[in-house]
There are 2 protein chains.
Amino acid sequence: MARPRRPLLSRARIVAAALDLVDAEGLEALSTRRLAAELGVSGPSLYNHVATKDDLLDAVVDAVLGEVDLSMFPGPSWRASLEAWARSYRAALAAHPNVVPAIGQPRGGRPNALRLADAVFGGLVDAGWPRREATRVGALLRYFITGSALGTFAGGFPDDAAVYAGAYPRLDQAHLLAERQQEIDAAAFETGLTALLDGLELRFAAVRA
Amino acid sequence: MARPRRPLLSRARIVAAALDLVDAEGLEALSTRRLAAELGVSGPSLYNHVATKDDLLDAVVDAVLGEVDLSMFPGPSWRASLEAWARSYRAALAAHPNVVPAIGQPRGGRPNALRLADAVFGGLVDAGWPRREATRVGALLRYFITGSALGTFAGGFPDDAAVYAGAYPRLDQAHLLAERQQEIDAAAFETGLTALLDGLELRFAAVRA
DNA sequence: GTCTATACGGCGATAGAC
DNA sequence: GTCTATCGCCGTATAGAC
């Protein structure tokens, strides 16, 4: 084959297939040859639509960010909007746990990351937050949400807690069991989100006074 | 050369050299061949002391966690201890920014991660937090700190903000400049830490009542 | 402009000699 | 516990067919 009458590939199709592959088999399974095979095409063909593998990975991450619901902005209460957004953000990452480790290697050029920032910033400013404060609040919530996703979905303690018995006197076995980790993470996210929003309410009052 | 009379390598020496290499040239520069060359040895020799490259990377991350100061536990005030710990944690990550993206791929087996968890959990319990709450508080603070490090040290928006002019109506140019990002991140960390601790004080009062 | 085939250098990891 | 040799995979550059 040479040039087909209609293109077999497109950036969108490549990114979608890459996300499917990562979801199904993990980040390690994403190689250009493997992905090309999945698309019924030869390896180097991808490079007509994608600059490098890092570029592709960035696009995959951005596709996940594109699933974050932003319909809560604008809303009647900045607190309620932020809370809904945080849960929606976390849910999008939870839907693609294998992608989560890749959020650690950003290279810029993620349109949906900016779309998120724009919506949150705008919502906060409309609710009366000073612009500089709104920037910080958006960033700090993102820190908490992505950090939580990383802690939660990217693995953690090994299953065999007995190895550590005695070495860490304050931790009991419950902390070290992988099965327990999931419920700890869910509860920690909820507790942290509430604490963060409570603290931000205090700040909002102080900053408007 | 065959077997030397005294070992040329040790796990500790390998991990230290790997951390130096990553600090100096970034994560991508860390290959078994390159690291071996740095140690004056042949590539496969490393495998006598390290199981896989992932094992090595885990050990490098754990070495950074080993630099986190924990002397604030136990302390007179859980809030002050937590605040000092958060800053010390962030400082350790800031000292090794190139390692930060690797915290997203944990595989377990990081003794210093458990050492941190043990100290924080113990400090909170001693201060009167119920055990289940203390577990969550330790986790949620870790989320915020690591998420913040990732957002801060692992790169972000591209330098050329003009590209995005108009597409994201609520963001002004200040958000998009890389130089601004550092001060935004520092301020967001401080704001978030204060909000989190304020919110946790409310929770502490409620939980003890 | 979009595909194919081929090729290069580097990678993580193993096998076996000393 | 180190060496050398080697394997199979990787990202991707290049050249050519249509």
Side-chain angles (χ1 to χ4, degrees), chain A residues 1-22 24-61 98-99 101-102 104-107 109 155, chain B residues 1-22 24-61 98-99 101-102 104-109:
Chain A
M1 191 192 315
R3 178 182 183 154
R5 354 188 77 237
R6 269 213 53 237
L8 302 173
L9 258 29
S10 71
R11 187 176 166 97
R13 213 164 89 77
I14 292 171
V15 171
L19 179 54
D20 284 350
L21 181 56
V22 172
E25 307 190 28
L27 266 182
E28 326 76 35
L30 181 63
S31 76
T32 55
R33 284 163 171 82
R34 174 69 201 279
L35 176 60
E38 218 73 46
L39 287 159
V41 118
S42 268
S45 300
L46 303 176
Y47 286 90
N48 288 300
H49 306 268
V50 147
T52 64
K53 189 185 170 177
D54 280 341
D55 175 35
L56 171 60
L57 213 56
D58 245 6
V60 169
V61 172
N98 293 339
V99 177
Q105 279 95 336
R107 305 230 184 280
Chain B
M1 189 192 313
R3 176 176 186 154
R5 354 187 77 236
R6 268 213 53 238
L8 303 174
L9 258 27
S10 72
R11 188 178 165 96
R13 213 163 88 75
I14 291 171
V15 171
L19 179 54
D20 284 349
L21 181 55
V22 171
E25 307 191 29
L27 267 182
E28 326 75 35
L30 181 63
S31 75
T32 55
R33 285 164 171 84
R34 175 69 201 278
L35 177 59
E38 217 73 44
L39 287 159
V41 116
S42 267
S45 299
L46 303 176
Y47 287 92
N48 287 300
H49 305 268
V50 147
T52 64
K53 190 185 169 178
D54 280 341
D55 176 35
L56 171 61
L57 213 56
D58 244 7
V60 169
V61 171
N98 293 339
V99 177
Q105 280 95 334
R107 306 232 182 278

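Here is how names work: the chains are called A, B, and so on, in the same order as the sequence lines, proteins then strands, and each is numbered from 1.
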Paired runs of 3 or more consecutive Watson-Crick or G-U pairs involving DNA chain C, with both pairing distances under 3.5 Å, are C:1-18 with D:1-18
Heavy-atom nearest pair, Leu30(A) first then Leu57(A), reads CD2-CD1, 3.6 Å
From CG of Asp55(B) across to C1' of dG12(C) the rounded distance in Å is 13 Å
Taken to the nearest whole Å, CG/Asn48(A) to P/dG16(D) is 17 Å
Any Ser42(A) side-chain N or O less than 4.0 Å from OP1/OP2 of dC3(C):
no
Note: Tyr47(A) and Thr52(A) closest approach over all heavy atoms is CE2-CA, 4.0 Å
Tabulated below should be each protein N or O lying under 3.5 Å from an N or O of nucleotides 10-15 of chain D; please produce it.
residue	atom	partner	partner atom	Å
dC10(D)	OP1	Ser31(A)	OG	3.1
dG11(D)	OP1	Lys53(A)	NZ	2.8
dG11(D)	OP2	Thr32(A)	N	2.8
dG11(D)	OP2	Thr32(A)	OG1	2.9
dG11(D)	N7	Arg33(A)	NH1	2.5
dG11(D)	O6	Arg33(A)	NH2	2.7
dT12(D)	OP2	Tyr47(A)	OH	2.5
dT12(D)	OP2	Lys53(A)	N	2.8
dT12(D)	O5'	Tyr47(A)	OH	3.3
dT12(D)	O4	Arg33(A)	NH2	3.4

Leu9(A) atom CG is separated from dC3(C) atom P, nearest whole Å, by 5 Å
To the nearest angstrom, the CG-P distance between Asp58(B) and dG12(C) comes to 16 Å
Do Lys53(A) and Leu35(A) have side-chain heavy atoms sitting under 4.5 Å apart?
no
Separation of dT2(C) atom C1' from Arg11(A) atom CZ, nearest Å, is 16 Å
Heavy-atom nearest pair, Asp55(B) first then Ala51(B), reads OD2-N, 3.0 Å
Nearest heavy-atom contact between Asn98(B) and Leu27(B) is O-CG, 3.3 Å
When rounded to whole Å, the CG to P distance for the pair Leu35(B) and dG10(C) reads 17 Å
Between His49(A) and dG1(C), does any side-chain N or O lie under 4.0 Å from OP1 or OP2? no
### Query
With side chains defined as the heavy atoms from C-beta onward, is the minimum distance between Arg13(B) and His49(B) less than 4.5 Å?
no
Nearest heavy-atom approach of Ala29(A) to Leu21(A) is O-CD2, 3.7 Å
Residues Gly104(B) and Pro101(A): closest non-hydrogen pair is O-CB, 3.5 Å
Of Leu56(B), Val50(B), Leu46(B), the one forming a side-chain contact (heavy atoms from CB on, under 4.5 Å) with Arg11(B) is Val50(B)
Leu46(A) CG to dG1(C) C1', in whole Å, measures 16 Å
note: Glu25(A), atom CD; dC9(D), atom P; distance rounded to Å ~ 15 Å
